[in-house]
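Scroll down for the structure; my scribbles are underneath it.
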Amino acid sequence: MSNKTTEPAIVKSGIKAVAELAGVGIASVSRVLSGQPGSSPQMTQRVMDAARQLGYAPNVLAQSLRRRATHSIGFVGSDINNPLIASIVSGAESVLSVAKYSVLLTNSGGDPGVDAQRIDVLLQRQVDGLIVLPALEDDPATLAALRGAQAPVVLIDRTLPSDIGAHYVLSDHFQGLGDAGRHLLQAGHSRIGLVVGLDVRPTRERIRGVEAAFDSLGLARNLIVHRGRLSPEHGEQAIEELLSGENPPSAVILGGNQLLEGALRAVHRRNLTLGVDLSLVSCDDLPLCRLHHPPIATVMRDTALLGRRAAELLLAQLREPGATDPELMPTWFEARASCGPFVGSASTSAASPGAKKRAKQGPSISSK
DNA sequence: ATGTGCCAAGCCTACGCTTT
DNA sequence: AAAGCGTAGGCTTGGCACAT
């Protein structure tokens, strides 16, 4: 018969133990450690010494229970495998961690049903606020879940019915895609293919931006829009279908970085040289865009800034709730060799001089 | 007036007691 | 035996009361 006692591996010191060791009341320990005024220097010293001696750290769950606030923020991302989302999360976390908030990250994989489920789980966990990037803007389950939220909600790049009472950080896709469209049209392209995702705000704004490019130059809207769920497969299939048509476009804009991989597969399979046989513009800068030969022209945006602003907006709401106007963050077009030699004078003011120079030089390296 | 302690509240769960 | 119900316990903090 073994006589060994089963001691717990870790002895947790609660506020009771600190109070006992310091010879004071529990409430006094709480007052001292939370920095409230009104404790004598002797009492303060005794409590601090006892807490240090016991390695005391407040029980976060108990604090949350008492304060009715968990100091945690829920993030519902549509696809955390996407570097774009990772960058947004990273930006948000950098702000929230400074404010002593933890981020609970969930991934819906772009599935609206999962969006609603994740939102519910985060709300059950009593998060103090939500940053959401849902797959759709009109999914009934997602809207119902958000309507039930007692916590402030910040949407990134999505707009929802006004009764949700959410706050918005949006990207100005209209501007960036408009600049890209104008650049291509002034370079001599007359027919443009636009591959986009499902019917959410970025898709609508991207289409509107390219249409406005035609309008601004007094040209007929010779635009073929190819819709689908943003994925490499959609990118590949869209390029195949656009280029197999009777009157294929000479330039294609990809309205989503998830499309690029598949689009390039189709381009390579067809032995096309980007910037010569086909001009290609992508959205959101991936390392692949710069490493590819020739480099791929891109509509850029500061995704980390998007996350930071969303977090700042949420923190402001936690301090002082109230209505806010949507915040519009800039996008800009960076011309690179994949969209061929630059011959016109399109408004590409945001493009770097280096990018313009490279574009002017034309495609120097084959994509084959 | 200042410093300190007591108590209730916050939410959930395990446990024990009572009733069916 | 199963079901239903009440209570205690976990930890912290704000409000109030009391002692000095």
Side-chain angles (χ1 to χ4, degrees), chain A residues 2 4-76 92-93 95-108 113-132 141-154 164-167 311-322:
Chain A
S2 165
K4 68 180 172 191
T5 53
T6 50
E7 288 293 326
I10 301 167
V11 179
K12 291 184 191 167
S13 296
I15 198 168
K16 263 187 198 166
V18 177
E20 234 166 75
L21 183 62
V24 301
I26 290 172
S28 297
V29 176
S30 172
R31 264 195 296 272
V32 168
L33 295 180
S34 59
Q36 289 180 54
S39 298
S40 67
Q42 295 87 337
M43 150 90 78
T44 302
Q45 193 57 52
R46 286 216 306 276
V47 169
M48 298 301 274
D49 287 346
R52 201 175 306 116
Q53 200 176 325
L54 293 171
Y56 169 77
N59 182 316
V60 176
L61 286 178
Q63 278 181 330
S64 300
L65 184 63
R66 183 62 182 83
R67 290 174 172 158
R68 307 201 69 181
T70 55
H71 254 247
S72 62
I73 299 298
F75 192 108
V76 183
E93 206 273 339
V95 169
L96 294 169
S97 64
V98 170
K100 305 255 193 295
Y101 279 83
S102 307
V103 176
L104 301 181
L105 176 62
T106 65
N107 182 30
S108 72
V114 178
D115 272 335
Q117 220 177 63
R118 298 294 186 269
I119 291 166
D120 282 337
V121 166
L122 290 170
L123 291 174
Q124 277 170 10
R125 285 187 171 271
Q126 307 289 320
V127 292
D128 296 337
L130 281 173
I131 299 176
V132 190
T142 304
L143 295 182
L146 289 174
R147 279 193 185 96
Q150 301 295 312
V153 177
V154 173
I164 303 280
H167 308 272
E312 285 163 0
L313 188 54
L314 194 57
L315 291 176
Q317 284 302 308
L318 288 169
R319 281 191 298 271
E320 199 175 332

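Proteins get letters first, then strands, A, B, ... in listed order; numbering begins at 1 in each.
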[N] [atom2] sits how many Å from [X] [atom1], rounded?
X: A/Arg125; N: B/dC12; atom1: CZ; atom2: C1'; result: 14 Å
X: A/Gln126; N: C/dT12; atom1: CD; atom2: P; result: 19 Å
X: A/Leu33; N: B/dT4; atom1: CG; atom2: P; result: 14 Å
X: A/Ile15; N: C/dG9; atom1: CD1; atom2: C1'; result: 16 Å

Review point. Hey, does the side chain of A/Asp128 reach the backbone of A/His71 with a donor-acceptor pair shorter than 3.5 angstrom?
Key: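 Flag set: sc A/Asp128 to bb A/His71 pair under 3.5 Å.
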Practice item. Give a yes or no answer on whether the side chain of A/His167 reaches the backbone of A/Pro152 with a donor-acceptor pair at less than 3.5 Å. Key: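 The answer is no, because no donor-acceptor pair under 3.5 Å joins these two groups.
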Check your understanding: More than 12 heavy atoms of other residues, nucleotides or ligands under 6.0 Å from CZ of A/Arg125: is that the case?
Key ->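 For A/Arg125, atom CZ is not crowded (no more than 12 foreign heavy atoms under 6.0 Å).
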Check your understanding: Can you tell me if the side-chain N/O atoms of A/Tyr56 get under 4.0 Å from OP1 or OP2 in C/dC11?
Key ->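 For C/dC11, OP1/OP2 do not have a side-chain N/O of A/Tyr56 under 4.0 Å.
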Review point. Can you tell me if the side-chain N/O atoms of A/Ser30 get under 4.0 Å from OP1 or OP2 in C/dT12?
Key: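 No, no such contact exists.
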Exercise for review: Classify the nucleic acid contact of A/Val29 as base, sugar-phosphate or nothing, counting any heavy atom under 4.0 Å across all strands shown.
Suggested key: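 Nothing, no heavy atom under 4.0 Å.
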**Study point:** Candidate pair A/Gln45 and A/Asp49, rule side chain to side chain donor-acceptor pair (under 3.5 Å), full reasoning
**Key:** CA-CA 6 Å; A/Gln45 193 57 52; A/Asp49 287 346; 3.0 Å; yes
**Study point:** Side-chain donor/acceptor of A/Arg31 to base of B/dG5, under 3.5 Å
**Key:**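 Yes, the side chain and the base share a sub-3.5 Å donor-acceptor pair.
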